[in-house]
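When reading the values below, keep in mind they use all heavy atoms of this one structure, side chains included, and skip hydrogens, waters and symmetry mates. Below, chains carry the letters A, B, ... as their sequence lines are ordered, and counting in each starts from 1.
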2 protein chains.
Amino acid sequence: MQRTAITPRWLDAEQQVIWRAFLSGTNRVFLELDAELRRFGLDLGEYEILVNLSESPDHELRMSDLADRVRQSRSRLTHTVGRMEAKGILVRNACPSDGRGVNARLTDEGYALLVEAAPYHVESVRRVLVDVVDPDDFVALGRAMAAVADADAPTEAD
Amino acid sequence: MQRTAITPRWLDAEQQVIWRAFLSGTNRVFLELDAELRRFGLDLGEYEILVNLSESPDHELRMSDLADRVRQSRSRLTHTVGRMEAKGILVRNACPSDGRGVNARLTDEGYALLVEAAPYHVESVRRVLVDVVDPDDFVALGRAMAAVADADAPTEAD
DNA sequence: CAATAGTGATTGAAACCTCAACAGAGCGTA
DNA sequence: TACGCTCTGTTGAGGTTTCAATCACTATTG
């Protein structure tokens, strides 16, 4: 990247207020969710792993597939899954169809933990976000975040 | 907290789609911003420290005040500021009016770094969020996140 | 004016994440 | 078959964050 001088297109006052609300609001959401999940010895990243496994056939997913779904680096997922395996939440097995692959599968204990935590988690999501936001704004929020998530990846050729 | 059984108020299908878009979208935003700031040896947390100091009289703020503004724990701020001080970005001085306090103040180098990074940062914010979201949705997003940020702290008496 | 409680900031250890390097398996092609 | 390339997943080192404990100073109380 050439760090040539660029002409800054600064945010106007309203945009800046919105942007800072975004920083504060998202921070609040994740803090509260983590705090609630901590009661179950989980954080949001681990909870998402549980959810994605629980929604898959045999409660099982390839590591790389799981990594994509929970938006974690493979390395991070390996570490996290290793800790979860040590806690008995899931197990890893060689993937039968691809010698390189590894499947992570929920144990009964892991599934039970999810079942236990989920009601409290969804209650947190409501309390901190869904219930405090105007329904129309909530829908708009969804459109906005979907647009962000689905936007083309930035070209690396800058 | 009593972990008495609660009746889950599950999210409906649309709410769930929105919630997952929120997780994906916010993740995308923060990943891109960190990637851009990395060119300057910063992450978003450090950048926010720079911004808040730069907007304060004498480019100086009490540690606790700064911690509140950037929504970091005091411990985390101490560590982060320590590293930034080692890099020459800011300095710490005893607070003259309160023997317990410590002021963090931007150095000229630190301010110069902010001036250098800011245009690229704002460009990232536009590229990943402002420019890809419908303007009306962006305003709604601001209302939603402000509502989240300003909502009463949850009662600890549950 | 002590004694006590409260506030501001730091510390160090443990937990966690990132990054680059690596090993093993599959794929393509000659 | 053999070679190189890609893909999957792991590893370990180093850096960062969290958590609980601590120290120093201020405020409050009797």
Side-chain angles (χ1 to χ4, degrees), chain A residues 26-27 30-49 52-53 60-87 89-105, chain B residues 26-27 30-50 52-53 56 60-87 89-105:
Chain A
T26 53
N27 183 73
F30 294 124
L31 279 181
E32 301 257 0
L33 295 190
D34 272 339
E36 182 78 43
L37 286 170
R38 182 127 67 92
R39 305 170 188 258
F40 302 94
L42 297 169
D43 63 21
L44 187 56
E46 293 168 325
Y47 183 83
E48 287 194 78
I49 290 171
N52 277 279
L53 290 177
E60 188 169 47
L61 277 176
R62 280 287 288 274
M63 289 291 283
S64 57
D65 195 353
L66 183 53
D68 291 342
R69 293 180 193 232
V70 300
R71 305 169 306 281
Q72 291 186 19
S73 70
R74 275 136 204 243
S75 175
R76 178 179 171 188
L77 186 67
T78 294
H79 287 298
T80 304
V81 162
R83 290 188 299 268
M84 294 173 81
E85 190 171 28
K87 292 193 217 167
I89 293 174
L90 49 75
V91 291
R92 275 180 290 193
N93 296 109
C95 175
S97 59
D98 185 337
R100 298 166 300 182
V102 172
N103 285 332
R105 187 171 50 73
Chain B
T26 53
N27 182 72
F30 294 124
L31 279 181
E32 300 258 359
L33 295 191
D34 272 339
E36 181 77 45
L37 285 170
R38 183 127 65 92
R39 304 172 190 258
F40 301 94
L42 296 169
D43 63 20
L44 187 56
E46 293 168 326
Y47 184 83
E48 286 195 78
I49 290 170
L50 290 185
N52 277 278
L53 290 176
S56 300
E60 187 170 45
L61 234 32
R62 280 287 288 276
M63 289 290 283
S64 58
D65 194 354
L66 183 55
D68 292 341
R69 293 180 193 233
V70 300
R71 304 170 304 282
Q72 292 187 18
S73 70
R74 273 136 205 250
S75 175
R76 178 179 171 188
L77 186 68
T78 294
H79 287 299
T80 304
V81 162
R83 291 190 298 268
M84 294 172 82
E85 189 172 28
K87 292 193 216 166
I89 293 174
L90 48 75
V91 291
R92 273 182 291 193
N93 296 111
C95 174
S97 59
D98 184 336
R100 298 165 298 184
V102 171
N103 285 331
R105 187 171 50 74

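Between A/R38 and A/D34 there is no salt bridge, since no side-chain N of the basic residue sits under 4.0 Å from a carboxylate O of the acidic one.
Atom CG in A/N93 sits roughly 13 Å away from atom P in D/dG9 (whole-Å rounding). We find that CZ of A/F30 is positioned 17 Å from C1' of D/dT17, with the value rounded to whole Å. In this structure, B/D65 atom CG and C/dT7 atom C1' are separated by 14 Å, rounded to whole Å. If you take CG of B/L77 and C1' of C/dT11, they are 15 Å apart, rounded to a whole angstrom. In this structure, the CG atom of A/L44 is 21 Å from the P atom of C/dA15, given to the nearest Å. Nucleotide C/dT7 holds its C1' atom 12 Å from the CG atom of B/D68, rounded to whole Å. Here the C1' atom of nucleotide D/dG15 and the CG atom of B/D43 are 11 Å apart, to the nearest Å. In this structure, the CD atom of B/E85 is 11 Å from the P atom of C/dT11, given to the nearest Å.
Counting atom types as modelled, A/H79 pairs no side-chain N or O with a base atom of D/dG9 as donor and acceptor under 3.5 Å. Evaluation of atom-type donor-acceptor distances gives a pair under 3.5 Å for the side chain of B/S75 against the base of C/dT11.
Take the nearest nucleotide of DNA chain C for A/K87 and for B/V102: the residue whose nucleotide is more 5' is B/V102. Summary of the strand contacts: A/L31 and A/G101 both lie near DNA chain D, and taking for each the nucleotide with the nearest heavy atom, the more 5' one is attributed to A/G101. A residue-by-residue look at A/N103 and B/S73 shows that A/N103 has its nearest nucleotide of DNA chain D further toward the 5' end. Along DNA chain C, the nucleotide closest to B/C95 and the one closest to A/R76 are compared, and the more 5′ of them pairs with B/C95.
With rounding to the nearest 0.5 angstrom, the CD atom of A/Q72 is 10.0 Å from the OG1 atom of A/T78. From A/N103, atom CG reaches atom CG of A/L90 across 11.5 Å, with rounding to the nearest 0.5 Å.
Here the closest non-hydrogen pair linking A/S64 and A/R74 is CB-NH2, 3.5 Å. Across all non-hydrogen atoms, the minimal contact from B/K87 to B/G41 is NZ-O, 3.3 Å. The minimum heavy-atom distance linking B/M84 with B/E46 is given by the pair CE-O, 3.8 Å.
Among the nucleotides C/dG8, C/dC16, C/dA25, the one closest to the side chain of A/R83 is C/dC16. Nearest nucleotide to the B/T78 side chain, out of D/dT8, C/dA9, C/dC17: C/dA9. Considering only side-chain atoms of B/R100, the nucleotide from D/dT8, C/dG6, D/dT17 that sits closest is C/dG6.
Phosphate proximity of C/dT10 to B/R92: present, with a side-chain N or O under 4.0 Å from OP1 or OP2. Between B/R38 and C/dT18, a side-chain N or O to OP1/OP2 separation shorter than 4.0 Å is absent. Dashed line: the shortest gap from a side-chain N or O of A/R74 to OP1 or OP2 of D/dC7 is not under 4.0 Å.
Residue-level contact check: A/S64 touches the backbone only, with heavy atoms under 4.0 Å from sugar-phosphate atoms and none from bases.
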